**Q** 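Let me give you the structure first, and then I'll get to my questions.
We use all heavy atoms of the structure for the numbers below, so side chains are in, but hydrogens, waters and symmetry mates are not. Letters go in sequence order (proteins before strands), and every chain restarts at 1. No experiment lies behind these values; they were computed from the predicted model shown.
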Amino acid sequence: MSTRYLPLYVTGALLSLLFGLGAIQFDGFGSMRVVLNLFSDNAFLMITAIGMTLVIISGGIDLSVGSVIALSGVLCGLLIGEYGWHPLAAFALILPLATLFGAIMGMWIHVYKLQPFIVTLAGMFFARGLATMLSEESIAIDHPFYDAVADFGFSLPGNAWLGTSTLLLLLVLVVAVLVMHYSRFGAYVYALGGNHQSAELMGVPVAKATIGIYATSSFLAALAGIVFTFYTFSGYALTAVGTELDAIAAVVIGGTLLTGGSGFVVGTILGVLMMGVIQTYIIFDGSLSSWWTKIVIGLLLFFFIVLQKLLNRGRVQHA
Amino acid sequence: MQESVLALENISKTFPGVKALQGVQLTLRAGEVHALLGENGAGKSTLVKVMTGAMRKDEGTGRMCFDGKDRDFTSPSEAQKAGISTVYQEVNLLPNLSVAQNLFLGHEPKRFALIQHSRMQQQARELLKQFKLDIDVTAPLNQFSVAVQQLIAIARGVAMKAKVLVLDEPTASLDKDEVETLFGVMEQLKSEGVAIVFISHFLDQVYRISDRITVLRNGQFIGEYITAELPRPKLIEAMLGKELQAMHGQHQPGCADSVDAPALFKMDKVCVKNSIENMDILVPKGQAIGMAGLLGSGRTEVCRAIFGVDSVASGQMQLADAPLKPQSPAEAIKAGVALCPEDRKTDGIIGPLSIRENIALALQARLGWWRYLSKAKQQALADKYIEELQIATPDAEKPIGQLSGGNQQKVILARWLATQPQLLVLDEPTRGIDIGAHAEILNLIKRLCHDGMSLLVTSSELEELVAFANKVVVLRDRRKVSELSGEDMTPQHIMQAIAEA
């Protein structure tokens with residue numbers, strides 16, 4: 001029991017510590033506004049990372065998410081900005097297409113027993129290439145719906161704003177937690193990560209589950225791409241380069257085992273927040289180079305990987 | 001009772017180079033416990049896998065009739081849905097999920113499309129009560145002992161409410177009370193009309209619980225018997241085979257059974273943590289010593305200790321009058337030990353590399369990486385062994401993964417012979433290879449002894465051990481229980497020593 005939740009507690013404690021440190025040092029750091037900005041600035045990364053959490057818990061990896069974000073953005077730009085579609089119609093086309101894209105990767109992984117790493121790497125190149133081919137230029141999106149989206153939200157005390165992207169993220173988070181802990185699909189995700197062969201022998205529909213996992217990841221990445229266009233009012237093929245690695249880092253910092261079988265969606269949110277808090281800290285400080293973010297994230301990753309290794313070793317001796 | 005729930009007829013299954021099953025049949029009737037017996041490698045596990053959808057039978061052979069319909073399951077989940085539930089020999093559950101999740105994975109109680117954890121845990125507790133297990137069902141499975149995990153696996157099989165329940169060696173890790181509890185549950189299921197397939201090495205248990213027995217040997221169907229009408233010697237004969245008597249006369253080791261041959265290797269009161277205890281084994285120079293015992297009896301563990309894979313906690317080993325204390329396989333190789341491991345696929349061959357490279361590997365390791373074996377030397381070495389061991393291949397450059405099991409085994413043997421070891425340890429050298437290669441490997445063992453090499457060989461095929469070994473050591477529960485030589489060394493005696501509980 002304790003070892004399962006321990007990485008989550010560690011991340012939570014580190015996060016509170018860092019946030020507390022910032023709040024003591026800087027005026028205005030420890031405010032509702034900063035907290036909500038952490039969510040709204042990182043909503044697209046959190047949505048992507050939630051999908052990545054599923055994939056990693058199942059024992060896989062999805063390198064294509066950054067490119068899918070870009071492709072989804074470019075398609076938004078093309079359909080809405082160039083062809084004048086209503087955004088909702090565009091979303092209704094883009095999201096199923098992305099889901100299909102993920103399903104195909106999942107099918108390849110299952111049917112041909114391929115490494116998820118290599119299949120999604122192929123997916124990454126494919127989606128990025130397709131996005132660039134569709135448009136090398138950034139396409140502006142100018143639509144009343146986008147203005148409405150930007151204006152929609154709730155004002156909270158402390159000059160804080162609960163906007164569309166944060167609300168969307170919270171919805172995704174609630175659904176993801178329900179799916180992971182209260183649905184059969186969620187149980188299958190953990191089962192596959194625990195022991196693929198046992199899961200199969202226990203009657204887990206491995207094909208359906210694998211396809212479903214990668215389809216979900218791509219769906220969420222495309223959704224994140226749409227959310228990204230809410231920030232930028234444009235679609236551009238070179239956005240979100242390397243986002244897949246940020247997502248993986250967040251998942252690991254959030255306490256999910258890279259080998260699969262153990263982890264929590266909520267942990268991943270903490271992981272992204274951790275990365276966000278470091279960034280905010282550096283901005284508030286003003287004198288530090290922003291590259292310190294990467295250095296600290298690198299150190300944190302080391303720390304968490306070693307922590308996981310130690311916890312796992314303890315577990316093996318137990319058995 | 002007479003109604004057959006599941007009937008398998010004329011089932012065959014071929015792996016590259018091996019016929020695992022040839023025209024096997026099995027008939028299960030509702031409300032019976034049907035024991036499926038045979039030596040290791042007889043084909044029991046393969047048959048179980050075929051009937052539960054984990055493997056496909058050979059195209060176009062045989063038929064499987066379940067519940068009055070012809071069926072051919074393509075996946076375990078399909079078989080489970082139809083009503084065949086299986087508990088495999090190794091615990092096949094999920095270490096990272098809770099006990100309750102393991103019990104109900106895929107069948108969780110739901111309300112409004114959501115899993116009801118509280119009800120699932122309640123049901124799990126009730127289910128485990130039948131097995132006299134009072135444990136925290138929310139704790140992850142890997143916190144529990146193998147015995148408890150085994151019981152949980154069986155409970156899962158029971159919870160499926162299957163028509164056919166297959167238990168493959170369910171009692172291997174259970175103590176006496178736990179076995180009694182299990183038998184109680186089996187009786188209960190029997191009265192509910194479930195057909196149970198019971199696979200076990202423990203003949204006492206087979207006689208205690210089963211109604212009928214089907215015996216397999218070397219992938220072939222030997223017979224179906226009513227347990228009460230089959231005396232034990234007849235059963236053992238069916239399992240070991242009539243040829244046994246004929247084989248018995250052919251005790252022809254490669255070197256005379258001389259009692260006073262100088263010892264080459266000695267194991268003295270060796271203990272390994274969580275493994276073998278007080279193990280004494282003596283291998284005289286130029287002799288072959290056989291090691292017999294069931295799976296988990298300590299055979300493989302002895303080999304691992306000699307080869308430096310597991311470290312020895314107490315006791316001594318000696319090789320050629322010098323103490324042998326290998327901390328790693330590399331050190332053991334340097335000292336003159338070679339080991340052909342039991343699981344060729346995972347521990348032995350490197351599939352994509354050529355025969356030449358596979359053979360040169362161990363010698364290169366012994367020489368150290370700085371003294372590189374030239375390709376010409378590797379080639380000469382490979383050609384020498386291809387000829388000597390009659391490895392069937394067009395040339396030495398063929399990837400080893402493409403050879404048959406028997407030829408792969410010969411390549412592994414060549415790899416170790418190239419290091420010119422003093423002691424050669426062979427763990428199940430003839431498992432899963434065809435009859436022809438089988439005989440060749442036995443002959444090779446004899447020839448090596450004749451040339452003065454000492455061998456320690458484990459094998460589940462007792463007639464084979466008797467044929468080449470100068471002495472057979474019998475292991476049970478990770479201890480040595482008997483040592484047989486001369487007149488006493490017969491498959492029946494070995495079997496008895498293994499089976500005594």
Side-chain angles (χ1 to χ4, degrees), chain A residues 1-7 56-59 110-111 174-210 255-264 308 311-319, chain B residues 48-49 52-55 73-82 84-98 100-117 120 136 138-146 148-149 153 156-157 160 162 168 273-274:
Chain A
M1 214 57 183
S2 57
T3 55
R4 259 182 90 202
Y5 294 106
L6 190 62
I56 292 182
I57 289 177
S58 82
H110 173 76
V111 174
V174 169
V175 172
V177 168
L178 282 178
V179 164
M180 289 306 273
H181 301 292
Y182 293 92
S183 82
R184 234 163 243 178
F185 177 70
Y188 293 158
V189 172
Y190 281 97
L192 282 180
N195 185 327
H196 195 277
Q197 196 194 349
S198 291
E200 188 164 13
L201 289 175
M202 285 169 83
V204 170
V206 178
K208 268 192 226 163
T210 308
T256 297
L257 273 184
L258 257 183
T259 46
S262 164
F264 301 96
Q308 290 183 356
L311 287 179
N312 250 19
R313 192 181 301 161
R315 197 173 292 174
V316 170
Q317 277 172 356
H318 222 78
Chain B
V48 166
K49 286 192 173 139
T52 58
M55 274 181 194
F73 301 119
T74 56
S75 72
S77 71
E78 199 185 324
Q80 267 178 30
K81 277 205 192 92
I84 299 179
S85 147
T86 315
V87 181
Y88 293 93
Q89 189 168 357
E90 297 91 31
V91 176
N92 270 297
L93 294 178
L94 296 157
N96 58 325
L97 297 189
S98 75
Q101 282 177 308
N102 266 295
L103 286 170
F104 292 105
L105 184 71
H107 307 262
E108 297 91 346
K110 288 201 199 179
R111 194 168 61 185
F112 307 126
L114 296 183
I115 292 173
Q116 280 186 292
H117 286 282
M120 185 165 88
D136 177 9
T138 63
L141 184 83
N142 61 5
Q143 292 195 351
F144 298 99
S145 69
V146 177
V148 172
Q149 292 189 21
R156 177 181 162 86
M160 297 289 149
D168 190 354
K273 203 178 162 207
N274 293 329

**Q** Ala113(B) versus chain A, heavy atoms under 4.5 Å apart: side chain, backbone, both or neither?
**A** backbone
**Q** So how far is it from Met202(A) CE to Asn102(B) CG, rounded to the nearest 0.5 Å?
**A** 4.5 Å
**Q** Whether the side chain of Asn195(A) engages the backbone of Leu94(B) through a donor-acceptor N/O pair (distance < 3.5 Å, no angle test) should be reported.
**A** no
**Q** Checking Glu108(B) against chain A: side chain, backbone, both or neither under 4.5 Å from a heavy atom?
**A** both
**Q** To the nearest 0.5 Å, what is the distance between NZ on Lys49(B) and CG on Leu201(A)?
**A** 7.5 Å
**Q** Heavy-atom distances under 4.5 Å only: say whether Leu114(B) touches chain A with side chain, backbone, both or neither.
**A** both
**Q** Give, for atom CD of Glu200(A) and atom OG of Ser77(B), the distance between the pair rounded to the nearest 0.5 Å.
**A** 8.5 Å
**Q** If I compare all heavy atoms of Leu105(B) with all of Ala191(A), which pair ends up nearest, and what's the gap?
**A** CD2-CB, 3.8 Å
**Q** Quick check on Tyr182(A): does its OH atom have over 12 non-hydrogen neighbours (other residues, nucleotides or ligands) under 6.0 Å away?
**A** no
**Q** With respect to chain B, which residue among Pro205(A), Gly186(A), Gly194(A) yields the maximal number of heavy-atom pairs within a distance under 4.5 Å?
**A** Gly194(A)
**Q** Grab the two heavy atoms, one from Asn92(B) and one from Ser198(A), that are nearest each other, plus how far apart they are.
**A** OD1-OG, 3.1 Å
**Q** Looking at Lys81(B), Lys110(B), Gln101(B), which makes the most heavy-atom pairs under 4.5 Å with chain A?
**A** Lys110(B)
**Q** Please flag which part of His117(B) lies under 4.5 Å from any non-hydrogen atom of chain A: side chain, backbone, both or neither.
**A** side chain
